[in-house]
Every structure is written in C-alpha cells, then in structure tokens.
Student: 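This structure is in structure tokens; I'll ask about it shortly.
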There are 2 protein chains.
Amino acid sequence: MTADQVVRALGALAQEHRLAVFRLLVQAGAEGVAAGQLAERLGIAPSSMSFHLAQLSHAGLVAQARHGRSIVYSANYGAMNGLMGYLTDNCCNGVPCTDDAMCADAACEERGAA
Amino acid sequence: MTADQVVRALGALAQEHRLAVFRLLVQAGAEGVAAGQLAERLGIAPSSMSFHLAQLSHAGLVAQARHGRSIVYSANYGAMNGLMGYLTDNCCNGVPCTDDAMCADAACEERGAA
DNA sequence: TCCATATTTCGATTATCATGGAAATATGGA
DNA sequence: TCCATATTTCCATGATAATCGAAATATGGA
C-alpha cells in the first residue's frame with residue numbers, strides 16, 4: 001500500500017457521515033446495505049450519499065454490486081487491513097512500543113519491524 | 001475515543017505532508033524533531049509547517065515542548081493507539097475476520113468482540 | 001538593550017469538499 | 001410500451017483546506 005493510497009483511505013474515513021457508513025457496512029457484513037437505506041439511516045440526501053459512497057469506493061474501501069434496482073455496498077476488509085498494517089508499521093516502527101498499547105502487544109510482535 | 005475525535009485524527013493524517021511528518025516523528029522517537037527541521041526536510045515553508053503541526057496537535061497526535069529557541073514536536077503514541085483501537089473494533093466488529101488479515105489474527109482475538 | 005534565530009499568526013489566494021435539488025440513467029413489473 | 005423505484009450525475013452554493021509571504025511573538029546571547 002503506497003503512501004498515496006493511505007492518504008486517500010484516511011481521507012475517505014475522515015468525515016462524519018463516511019465513517020458512519022463504513023461502520024454500518026462492517027456491521028452488515030457480506031450482505032451489505034443498499035445506497036438508499038444508507039441515506040435514509042443517516043438522514044442525508046441520496047445525492048449526498050452517492051457522493052460519499054464514491055469517495056469510499058475510489059479509496060477502495062467499499063465494493064458495490066447491483067441487486068435488482070438497488071446497488072448494494074459492502075466493506076472491503078482487505079483494504080482496511082492494508083490501511084491498518086501501514087498505520088501499525090507507522091505507529092511502532094523503530095521505537096519501543098508502550099505496554100498499555102493494544103497496537104504494541106498484539107500487532108507488533110506479529111509483524112516485527114517490517 | 002469518540003467518533004468526533006476519530007474523525008479529527010483521521011483528517012489530521014489524511015494529508016501527504018502531515019502523514020510524512022508523523023512518520024518522521026515516530027522514527028525520531030521521544031527525542032522529537034524541531035519545527036524548522038521538519039519544514040526543511042519536507043521542503044515546505046515554515047508557516048505551512050506550522051499550519052500542519054497545529055492540525056496534528058489539535059487532533060492530539062503530537063506533543064510539543066520548547067527547547068531553547070526551538071519548539072520540538074514528538075509523536076503521541078497513546079492517541080495513535082486509541083485511533084488504532086477504534087479502527088480495529090470497526091474493522092472486526094460483528095463479522096468473521098478474514099484469515100489473511102493482520103487485523104484479524106492478532107488484534108481481534110486479543111480484544112474480543114468489544 | 002539590541003540583534004539574530006525560531007516559530008507562530010495574519011492576510012490573501014486558490015483549490016477542494018460537502019450539500020441538496022433537478023435532471024439523467026437503469027432496472028423491474030404491469 | 002409505460003410507469004414507478006433506485007441511484008447517479010450535473011449544477012450551483014457555501015464552507016473548509018492548503019499555500020506562502022509578511023508581520024508579530026518569544027528566546028538566547030553579545
């Protein structure tokens with residue numbers, strides 16, 4: 001994952017509505033949620049939701065599939081894990097990890113100083 | 001960590017120069033790096049660097065300490081770990097973690113479905 | 001006190017983001 | 001074919017972000 005991709009993924013999640021959308025999609029799992037339902041649940045206009053979904057899609061964080069008249073969105077766990085990996089390396093690289101940090105005790109030992 | 005704090009932290013990192021700054025600070029460790037050195041290393045104007053450092057500081061991701069005439073910035077690992085924890089919960093909550101995912105095999109078992 | 005260094009704040013400019021209504025596109029069913 | 005539903009694209013608007021030069025603030029030393 002390149003730094004440019006990381007910036008785009010972070011930017012995609014760095015917005016109240018988009019973070020909420022991603023959380024909903026993660027909770028929904030592989031089944032996904034239709035665009036209209038997302039707009040209704042968050043109380044924003046369909047066109048605004050479409051804009052946000054495009055950003056998430058452009059960042060590779062969500063996948064879309066047509067299902068009848070609806071377009072169903074689902075979370076892309078691979079992209080999220082890639083982002084987490086980059087941040088973990090960033091968080092722990094070259095410095096002793098703190099003891100009370102989840103990032104340290106679990107992830108760092110797993111991945112080493114890669 | 002509230003959703004609002006998470007959005008602010010993500011937004012702080014979702015910029016080429018600020019992500020680079022944070023990486024440099026993580027590499028530098030507790031010693032930190034002065035504002036002027038950061039600006040010189042990244043090749044941007046001091047005032048621009050000050051703007052970016054203010055964003056990182058406002059998000060709680062960096063700490064600052066005056067050291068003579070310089071102001072030395074250092075990474076706040078606690079805030080970063082808080083962000084990682086939120087994202088980990090977001091990434092794994094309620095769905096079966098994929099096998100090839102770092103986020104899954106290490107962090108999820110550690111934290112459970114909290 | 002006076003000056004040089006280090007950083008921030010201010011001001012102006014340009015670019016990008018977020019929003020929703022209106023129109024366009026696509027699908028399914030009568 | 002015709003219509004209702006679902007979503008996106010287009011358009012205009014207001015808000016926020018990123019940039020840098022210039023001026024202001026703070027520190028240390030002569």
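Residue numbers begin at 1 in each chain, while the letters A, B, ... track the order of the sequences.
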Student: Of all nucleotides in DNA chain D with an atom under 4.0 Å from a non-hydrogen atom of chain B, which is the first and which the last going 5' to 3'?
Tutor: dA18(D) to dG28(D)

Student: Please tell me which of S70(B) and G43(A) maps to the more 5' nucleotide of DNA chain C, matching each residue to the nucleotide holding its nearest heavy atom.
Tutor: S70(B)

Student: First locate atom CE of M80(B), then atom CG of L25(B), and finally report the distance between them rounded to the nearest 0.5 Å.
Tutor: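 Between atom CE of M80(B) and atom CG of L25(B) there are 12.0 Å.
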
Student: Side chains of L13(B) and L83(B): does their closest heavy-atom pair fall under 4.5 Å?
Tutor: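 They are in side-chain contact.
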
Student: V72(B), L24(B): one ILVMFWY side-chain cluster at the under-4.5 Å cut-off?
Tutor: no

Student: Hey, quick one: are L61(B) and F51(B) part of the same hydrophobic cluster, counting side-chain heavy atoms closer than 4.5 Å, chains of contacts allowed?
Tutor: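 Different clusters.
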
Student: What are the two closest heavy atoms between A30(B) and S74(B), and how far apart are they?
Tutor: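 For A30(B) versus S74(B), the nearest heavy atoms are O-CB, 4.4 Å.
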
Student: Hey, could you give me the CE/CG distance between M49(B) and L42(B), rounded to the nearest 0.5 Å?
Tutor: 4.5 Å

Student: So what is the end-to-end bend of the helix from dT1(C)-dA30(D) to dA30(C)-dT1(D), with 5 pairs used at each end and the value given to 10 degrees?
Tutor: 20°

Student: Looking for any heavy atom pair under 4.0 Å, which part of the strands does A39(A) touch: base, sugar-phosphate only, or nothing?
Tutor: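 Result for A39(A) = nothing.
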
Student: For DNA chain C, whose closest nucleotide is more 5', that of Q15(A) or that of R66(B)?
Tutor: R66(B)

Student: Provide the closest heavy-atom pair for A9(B) versus M1(B) in the form atom of the first, atom of the second, distance.
Tutor: CB-CE, 4.3 Å

Student: Over how many whole Å does the gap from L42(A) atom CG to dT19(C) atom P extend?
Tutor: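 Spelled out: CG on L42(A) to P on dT19(C) is 10 Å.
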
Student: Counting only heavy atoms and a strict 4.0 angstrom limit, can you tell me which residues of residues 47-65 of chain B come near DNA chain C?
Tutor: S47(B), S50(B)

Student: According to a 4.5 Å side-chain heavy-atom criterion applied to Ile, Leu, Val, Met, Phe, Trp and Tyr, with indirect links allowed, do V33(A) and L56(A) form part of one hydrophobic cluster?
Tutor: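 Yes; tracing contacts between hydrophobic side chains, which count when under 4.5 Å, links both residues.
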
Student: Write down the atom of V26(B), the atom of Y77(B), and the distance for their closest heavy-atom approach.
Tutor: O-OH, 3.5 Å

Student: Answer yes or no: is there a donor N or O on one side and an acceptor on the other, between the side chain of T88(B) and the main chain of M84(B), under 3.5 Å?
Tutor: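 Yes, T88(B) side chain to M84(B) backbone: donor-acceptor pair under 3.5 Å.
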
